[in-house]
Amino acid sequence: MPKEQRTLTKACKLEGLRLAETSGKSISEITRDLGVNDSAIQQWEKWKKEGDLKQERGVIGIVSG
């Protein structure tokens, strides 16, 4: 079965970053809870530092369909 892609809002990405910084959970736990790839949070951090964390950035994460 093909994998389904989904788009997360800016608010969801920022919440993921906040959880990574404050929750005490591992990145793997957070990404699993959010249903995204492990590399998603690193990408969001990069975009945030560049001032380019926007909802329009496109598809983030892969979710089994």
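Side-chain atoms are counted along with the backbone in the values below, which use heavy atoms only and exclude waters and symmetry mates. Keep in mind that what you see is a predicted model, and the values were worked out from it rather than measured.
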Practice task
Determine whether K46 and Q43 make a side-chain contact, defined as any pair of heavy atoms from C-beta on separated by less than 4.5 Å.
Solution key: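 When only atoms from C-beta onward are counted, Q43 and K46 do touch, with a gap below 4.5 Å.
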
Measuring from atom [atom1] of [X] to atom [atom2] of [Y], what distance do you get when rounded to the nearest 0.5 angstrom?
X: L19; Y: L34; atom1: CG; atom2: CG; answer: 6.5 Å
X: K10; Y: K48; atom1: NZ; atom2: NZ; answer: 10.0 Å
X: Q42; Y: L17; atom1: CD; atom2: CG; answer: 9.5 Å
X: S28; Y: I41; atom1: OG; atom2: CD1; answer: 9.0 Å
X: C12; Y: W44; atom1: SG; atom2: CH2; answer: 5.5 Å

Handout entry: Pairs satisfying salt bridge (Lys or Arg N to Asp or Glu O under 4.0 Å), at least one member in residues 14-24, at least two apart
Key =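 Passing the test, one end in residues 14-24: E15-R18.
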
Practice task
Sequence neighbours left out, what pairs pass salt bridge (Lys or Arg N to Asp or Glu O under 4.0 Å) with at least one residue falling in residues 24-38?
Solution key: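 Pairs touching residues 24-38 that pass the test: K25-D33.
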
Exercise for the section: Please name the pair of heavy atoms, one in A20 and one in I27, separated by the smallest distance, quoted to 0.1 Å. Expected result: CB-CD1, 3.7 Å

Handout entry: Shortest non-hydrogen separation from I30 to S23 and the atoms involved
Key =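 Heavy-atom minimum between the residues: CD1-OG, 3.7 Å.
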
